[in-house]
> 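Structure provided below as structure tokens; questions to follow.
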Amino acid sequence: MRRSVDRTAGKVMSMREAVASFVHDGDTVSLEGFTHLIPTAAGHEIIRQGRRDLTVVRMTADIVVDQMLAAGCVTRLVSSFVGNSSAGSLGELRRRIEHADPEPLAFEEYSHYGMVCRYLAGAQRLPFHPLRSYAGSDLPSVNPGMRKVTSPYPAADGTTEQIYVVPPVNPDVTFIHAQRADRRGNTQIWGVTGIQAEAVYAAEKAVVVVEELVADEVVRADPNRTLVPAHAVDAVVLCPRGAHPSFAQGYYDRDNAFYRAWSAISKDPVRLREWLEEWVYGTTDHAAYVAKLGEEFWSGLAIGEALSEPVNYGRRL
Amino acid sequence: MRRSVDRTAGKVMSMREAVASFVHDGDTVSLEGFTHLIPTAAGHEIIRQGRRDLTVVRMTADIVVDQMLAAGCVTRLVSSFVGNSSAGSLGELRRRIEHADPEPLAFEEYSHYGMVCRYLAGAQRLPFHPLRSYAGSDLPSVNPGMRKVTSPYPAADGTTEQIYVVPPVNPDVTFIHAQRADRRGNTQIWGVTGIQAEAVYAAEKAVVVVEELVADEVVRADPNRTLVPAHAVDAVVLCPRGAHPSFAQGYYDRDNAFYRAWSAISKDPVRLREWLEEWVYGTTDHAAYVAKLGEEFWSGLAIGEALSEPVNYGRRL
Amino acid sequence: MSEECTQTTGAVTSSELLSVVAARELAGRRTVFAGIGLPTLAAELAHLTVAPEIEAVYESGVCGAHPSRLPETIADAVLITGAEAVLTMPALFGSVLQGGHIDVGFLGAAQIDRWGNLNTSVIGEWERPSVRLPGSGGAVEVMANAREVFVVMRRHTPRSFAGTLDFCTTPGPDRALADGIRPLGTGVTRVITELGILARDGVGDELRLVAVHPGVTVGQVRAATGWELKVADTVTTVEPPTDAELRLLRDDVDPHRVYLR
Amino acid sequence: MSEECTQTTGAVTSSELLSVVAARELAGRRTVFAGIGLPTLAAELAHLTVAPEIEAVYESGVCGAHPSRLPETIADAVLITGAEAVLTMPALFGSVLQGGHIDVGFLGAAQIDRWGNLNTSVIGEWERPSVRLPGSGGAVEVMANAREVFVVMRRHTPRSFAGTLDFCTTPGPDRALADGIRPLGTGVTRVITELGILARDGVGDELRLVAVHPGVTVGQVRAATGWELKVADTVTTVEPPTDAELRLLRDDVDPHRVYLR
């Protein structure tokens, strides 16, 4: 049976506490955020605490995954896209897969909707989720997770119909980054919302990392904006700018220059190691990382205002 | 292949035009809205235009369905709850099912999540959707739509696992009621959002009935509020107070007195007939129905203001 | 029903009695899937007494409601305004309920049998019933997925506590197992009626009488039950609603008498 | 490439040529699943020319975007602000894409074969590849569900237009049928390259050369293709980008040269 979370208990903690409490060697860890709101700071803290033998589940395995690979945290990767966005390659990931350098990486390759369906099945305690993908692909030949089921209903033409299915994924812990939450863990996200809610529900434990911790009244003034309710959240971590080099809609923009730089950094294992030493091991926490980048840097990612118009939820007279 | 909607074509039309264009005798018609935003005005116009042999798909078959039954529009009902909310019975529905009076009603009985999964499968072109319901229920014995599938993955204990599935539902047309849309059909809903988006995507044609037709800028100031995008909408009907006796969050409250009154009205076929004559056949359109109720009546359902706080979507500097 | 209460707070109604007893049973529970009516009263009273951290989740998708008035429907506008979250229906039924996040689900029924299976579809034959009832709503899902289920039945009669259901809409875990499917929840663990409390622990277990209201005998409950009712070794007497409970219920939970009649 | 353009608008780059040709092919289409880069340019140019009613749908869930700048990623903040809708990922992939609402999906690939099957996973063996590529992303879903698929390939070589794919990540409908599953879409209908345009009508149909760019011969295309390329009875010459197309592309679509290089 799934855990039941005490929604009023003290959930607000530091990233250090959250990683220490909820990430153990050998765990399956999901980090979600589709281009937007990538939980980078969570990945960095996992690196600082030296976790080993993790299975990382992430649809778009990008820079933060390459960094966790380089830090030796990860032995298995479950993903549907392994690349540095459209900006280039992930050097460490390619060394691991192409040359088993410095060690092999077990890789479960899916497509985006396959991953979405795995999270949906995980969140809903379904034994499988069907999808109209994979027919004729070579992927099932290298991924035994993709199987076929025969529909018990005849197709429109009366014939028997088969469809591929994927199995549920149930991470030990899911980390997501979000714009804001209250102290209970009611989490509000806008802009690209991706698969975060399902990734939280699929997990045994869930940590929400936020730009802002807000008063209950802020959340309750717009309940439709709450994509992850308190009962599904085990810890809330306040960590402004924790999605960098990704972005937070309405807070700061994407650091496209860093994405472009990563291909060269990660291509050279020595340079990559130096980068980790300086920016992850060399910073005590994300606040130190943010400070090290400097205010001038952050002003370059600053954005202007484009406010939504309020809607009326109504009040009984 | 599913239709492709021209999102810029003239979609704004009257309810009369929408029903005339998109509802034909013998069609399968979905009307969704879970307690909130029930498309009553659409049901009334279907009655006025005298459609026959309809299959009505509606999770909570309540007053509007009882009225459509009484008007002789419906020969088949697909539903997961046939009652007048918590306020009592549906007289016409009970006569049809208990006594075939004045004629039988074919009934496909599901549970709420069974209906949700049928819409999900319909929206996603899946041959079936699995769910952890129905094991041991008598429902599959009276509903051949509920079938079992064997999971291709072993259960946690290594045994083979079975699960029930439901088939897709693909209405000829779906009607939903919403707070607002732009002229292209981008539709924004807040408060209880139910299964409306999936019901629209599952249908061949979709009609959105709204309290307000708003400028493009209003919708575009808060794109996360758009639950139904223009490409899925064939017609937009402006029909204020069209959800009565249901409610529209932020616009007007529920007419609980009418719900309580309906049990007595519908219990007596003569009284029910008189009600239809006076309030549906006797009104040319929903505006006439609204006017007939009178401003004093509407002031009793008026609500106060509880505005959401704006969020920042951000603007590149 | 209880003399010492009458004086200060007036006669205890059946609704009040059932609400108070149900609220006490929610002690220590965190998430409750509440229908409208007595379950709402019970959840709100529990929140003020034995389960301050309880969260009522509604079929409409509302989580963490803070209504300004007692709601009249599961989607009442007053449940939405000021709520912590309003989820879509796939999220509510899929992730929250089927996902296993509900500790206690409240259900009612026209008929219940000794295993806690429920009928809310028909009296008589399904094809041409003498009474067509509303059907499942989300009851099938609540039973299949909530950790445990509480049933509140106002009337305790041999007709409603049936030896054989006219139709099983909502099966407990024993019937699920017989259908070859491993259930996820415990099924019905408490049945609260005007006569007393029946309890059941898990798969293979029958409902048994564990408590009676003051003045009710075990024989009365047996006679009112449509099967040979099992009785616990020790049948306790339910403590009548206290003044404090009644005051909270009447003054804070339902001051406008939406449900307390 | 075309003398009369050069004077007023400067030399036509490969990106400009491919964008203009792709935009023309979008005439009459309504919904296009656009990746970042050339597909974005093509969709935006088509919107200004042959398909004013076109809606670009992005993998991130954005529908009806009205970006203030050309987006650098499929989830770029400028795509969100001012968009008509931003959907969840289950809604985007489930209802919009698998639901059959996409007319044209754009895909790229490291390798394509004569049936329009694509490889974006590996060069070499999957288990220990010589080059690990990014993989499917949503490409498997776009191919399986979009009404038709346009492929833009900058480089037309026997290596990328492969007789046999190293790995089939994204199968067209012919391979789906061979796997016993009836496909929903047509698969690849257009391949636009630096040499010309290949076309394919549907299941059972091979890609065939239908047009070449000015100055390119059929023989050159055949030599650059890793299988025995079929050639249409009449191979037309692609009309070079017009001044109007180039001006729109350079001044209105990508004035900051995000993709036009």
Side-chain angles (χ1 to χ4, degrees), chain B residues 1-11 119-127 129 168 170 181-189 193 195-204 206 214 216-233 311-317, chain D residues 28-33 47 51-58 60-72 76-88 90-104 141 144-148 181-186 202 256:
Chain B
M1 204 73 187
R2 197 66 52 86
R3 78 197 180 282
S4 161
V5 174
D6 181 349
R7 55 200 280 284
T8 55
K11 292 183 188 171
Y119 281 120
L120 282 166
Q124 297 176 32
R125 297 196 298 191
L126 287 174
H129 198 292
N170 290 109
D182 66 19
R183 305 181 75 82
R184 284 175 170 158
N186 289 297
T187 304
Q188 301 197 322
I189 307 177
T193 58
I195 197 65
Q196 280 97 311
E198 290 78 7
V200 162
Y201 273 105
E204 285 301 310
V214 295
D216 294 354
E217 294 69 36
V218 173
V219 162
R220 289 170 46 187
D222 201 352
N224 285 105
R225 203 80 83 186
T226 305
L227 297 192
V228 180
H231 64 239
V233 174
V311 297
N312 187 18
Y313 275 91
R315 185 171 50 78
R316 188 152 294 161
L317 296 170
Chain D
R29 269 47 173 241
R30 287 172 177 167
T31 49
V32 55
F33 201 86
H47 172 65
E53 79 285 13
I54 208 161
E55 176 187 6
V57 174
Y58 290 88
S60 55
V62 179
C63 301
H66 300 272
S68 57
R69 302 277 184 96
L70 206 61
E72 291 194 45
D76 195 319
V78 300
L79 275 178
I80 312 305
T81 303
E84 296 172 27
V86 183
L87 303 182
T88 66
L92 191 277
F93 277 100
S95 296
V96 181
L97 187 48
Q98 193 172 275
H101 289 270
I102 299 299
D103 289 342
V104 178
E141 285 76 33
N145 297 298
R147 207 172 296 255
E148 51 184 321
I181 292 182
R182 197 175 40 175
L184 293 168
T186 315
H256 301 97

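Within every chain, numbering begins at 1; the chains are lettered A, B, ... in the order of the sequence lines, protein sequences first and strands thereafter. Note that the structure is a prediction, hence the values are computed from the model and not measured.
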> Any side-chain heavy-atom pair from D/Thr81 and B/Arg316 closer than 4.5 angstrom?
no

> Quick one: does any side-chain atom of D/Gln98 pair with a main-chain N or O of B/Gln124 as donor and acceptor, under 3.5 Å?
yes

> Answer with side chain, backbone, both or neither: which region of D/Arg29 has an atom nearer than 4.5 Å to a non-hydrogen atom of chain B?
neither

> Identify the two heavy atoms, one from B/Pro223 and one from D/Ala83, that lie closest to each other, and give their separation to 0.1 Å.
CB-O, 3.3 Å

> Minimum heavy-atom separation for D/Leu87 to B/Thr226, with atom names?
CD2-O, 4.0 Å

> So B/Tyr201 and D/His101, would you call those rings parallel, tilted or perpendicular, with 30° and 60° as cut-offs?
perpendicular

> With a 4.5 angstrom heavy-atom cut-off, is it the side chain or the backbone of D/Val96 that approaches chain B, or both, or neither?
both

> Any side-chain heavy-atom pair from B/Arg125 and D/Asn145 closer than 4.5 angstrom?
yes

> Counting C-beta onward and ignoring hydrogens, is there a side-chain heavy-atom pair between B/His231 and D/Asp103 closer than 4.5 Å?
no

> To the nearest 0.5 Å, what is the distance between CD1 on D/Ile80 and CZ on B/Arg220?
13.0 Å

